[in-house]
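Predicted model, so just to flag it, every value in this text is computed and none were measured. All residue numbers refer to positions in the sequence shown, counting from 1.
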Amino acid sequence: MQRLGGLWLLWRRPPAAGVAAKDLGLREVASGVSPPGSTSPRALNIFDRDLKRKQKNWAARQPEPMRFDYLKEEVGSQIADRVYDITRNFSLALDVGCGRGYIAQHLNKETVGKFFQVDIAENALKNTLEMEIPTVSVLADEEFLPFKENTFDLVVSSLSLHWVNDLPRALEQDTDEIQVNYPGMFELMEDLQGMGESNCAWNRKALLHRDTMLAAAAVYREMYRNEDGSVPATYQIYYMIGWKYHDSQARPAERGSATVSFGELGKINNLMSQGKKSQ
């Protein structure tokens, strides 16, 4: 893994728009995590962001964090595949909620010139995976990013935004599903804890009684168990991708310039055959 100057960039919450990426050459250590409850006035305050930071830090400190990386590894590789589908180079890219670098490890220098990795958990940034592209690790809350608009050519995020309070609007995207079979509900819960994905909603129950947990596990098994006795857990993954336009990419045609209507697309083979005969 390569880091600029071998250091990490830790930031204080910036005033207004923030700091441009080119100005992040500073090497001072400061807190980049927002204080509890510091969301925008219009945002729903559903999740305890400070608790989520502690959960992710705890998970990253475990002796074998890779034991729980299977889901994030899989989704990170699928996001990297989607980046490769775009036929251009991105000189500056950003991963929001990078964790241990599950996307960056699958990218190469021919596709991304420099990769900024942002996460709320300092221990995750200290324990990132090996990668070949130059990276800069930034300790910051995903709700308060320290970058000006139009800084990056590409922004990606994997399995992080579902814990963010201040999303500008509901994300309406196609979903992918990944199903994992577990011996039981308690093994599933153990893995979610190991991933740093335990519940952090403000209205969560502080304590679940043992009898409640056992009853829930029994009902879960009775309703959903597989033939081999395992129980499935289905993860719904939302993918979205966006990038800044580049001159090397073809521009969309002007509105109204089409010569074939959508209603005729089903007859495209016949239209092409008629065109060849007329030549």
Donor-acceptor contacts, no H, no angles, side chain residues 207-215, under 3.5 Å, sequence neighbours left out:
none

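- With sequence neighbours excluded, no residue forms a side-chain contact (heavy atoms from CB on, under 4.5 Å) with Ala59.
- With a 4.5 Å cut-off on side-chain heavy atoms, Val231 and Leu188 do not count as touching.
- Note that CG of Leu51 is 12.5 Å distant from CH2 of Trp58, once rounded to the nearest 0.5 Å.
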Check against side chain to side chain contact (heavy atoms under 4.5 Å, CB included), Leu92 and Thr151: CA-CA 8 Å; Leu92 200 61; Thr151 296; 4.1 Å; yes

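- Partners of Phe47 under the ring-ring contact (aromatic ring centres under 6.0 Å, His included) rule, at least two apart in sequence or in another chain, are Trp163.
- Among pairs with a residue in residues 188-206, those fulfilling salt bridge (Lys or Arg N to Asp or Glu O under 4.0 Å) read Arg67-Glu190, Lys72-Glu197, at least two apart in sequence or across chains.
- The CG atom of Asp50 sits 10.0 Å away from the CD atom of Gln55 when rounded to the nearest 0.5 Å.
- Counting only distance, with no hydrogens or angles, the side chain of Gln117 and the backbone of Leu125 share no donor-acceptor pair below 3.5 Å.
- Residues satisfying the ring-ring contact (aromatic ring centres under 6.0 Å, His included) criterion with Tyr224, sequence neighbours excluded, are Tyr220.
- Asn127 contributes atom CG, which lies 12.5 Å from atom CD of Glu122 (distance to the nearest 0.5 angstrom).
- Taking Ser230 as the reference, Asn226, Asp228 meet the side chain to side chain donor-acceptor pair (under 3.5 Å) condition, with sequence neighbours excluded.
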Test log, rule side chain to side chain donor-acceptor pair (under 3.5 Å), inputs Asn89 and Glu110: CA-CA 7 Å; Asn89 173 269; Glu110 288 70 33; over 6 Å; no

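- Looking only at distances, no side-chain donor or acceptor of Asp119 sits under 3.5 Å from a matching main-chain atom of Val138.
- Using modelled atom types, one side-chain atom of Glu143 and one backbone atom of Asn165 make a donor-acceptor pair closer than 3.5 Å.
- A search for side-chain contact (heavy atoms from CB on, under 4.5 Å) contacts involving Arg88 returns Ile86, Phe90, Asp153, Trp243, His246, Ser248, Gln249, not counting sequence neighbours.
- Side-chain polar atoms of Gln105 and Glu73 form a donor-acceptor pair below 3.5 angstrom.
- Every pair passing salt bridge (Lys or Arg N to Asp or Glu O under 4.0 Å) that includes a residue from residues 90-108 is listed here, sequence neighbours excluded: Asp69-Arg100.
- In this structure, the side chains of Pro232 and Arg225 stay at 4.5 Å or more apart for every pair of heavy atoms.
- Exactly one of Lys56, Lys52, Arg53, Arg49 qualifies for a salt bridge (Lys or Arg N to Asp or Glu O under 4.0 Å) with Asp141. That residue is Arg49.
- Put simply, Met66 and Tyr102 are part of two different groups of oily side chains (I, L, V, M, F, W, Y) that touch within less than 4.5 Å, one to the next.
- At a threshold of 4.5 Å between non-hydrogen side-chain atoms, the residues Leu94 and Leu154 do not count as touching.
- Side chain of Ser160 to backbone of Ser157: no donor-acceptor contact under 3.5 angstrom is found.
- Note: Tyr84 OH to Ile79 CD1 = 13.0 Å, rounded to the nearest 0.5 Å.
- Applying the side-chain contact (heavy atoms from CB on, under 4.5 Å) rule to Val219 yields the partners Met223; only residues at least two apart in sequence or on another chain are considered.
- Ring orientation note: the planes of Tyr182 and Tyr70 are tilted relative to one another, at an angle of 30° to 60°.
- Under the side chain to side chain donor-acceptor pair (under 3.5 Å) criterion, Glu74 pairs with Gln78, sequence neighbours left out.
- Scanning for side chain to side chain donor-acceptor pair (under 3.5 Å) contacts around Thr111 gives Asn108, with sequence neighbours left out.
- The CH2 atom of Trp202 sits 3.5 Å away from the CG atom of Asp48 when rounded to the nearest 0.5 Å.
- Atom CZ of Phe115 sits about 8.0 Å away from atom SG of Cys98, to the nearest 0.5 Å.
- Here Gln179 pairs with Thr234 under the side chain to side chain donor-acceptor pair (under 3.5 Å) rule; sequence neighbours left out.
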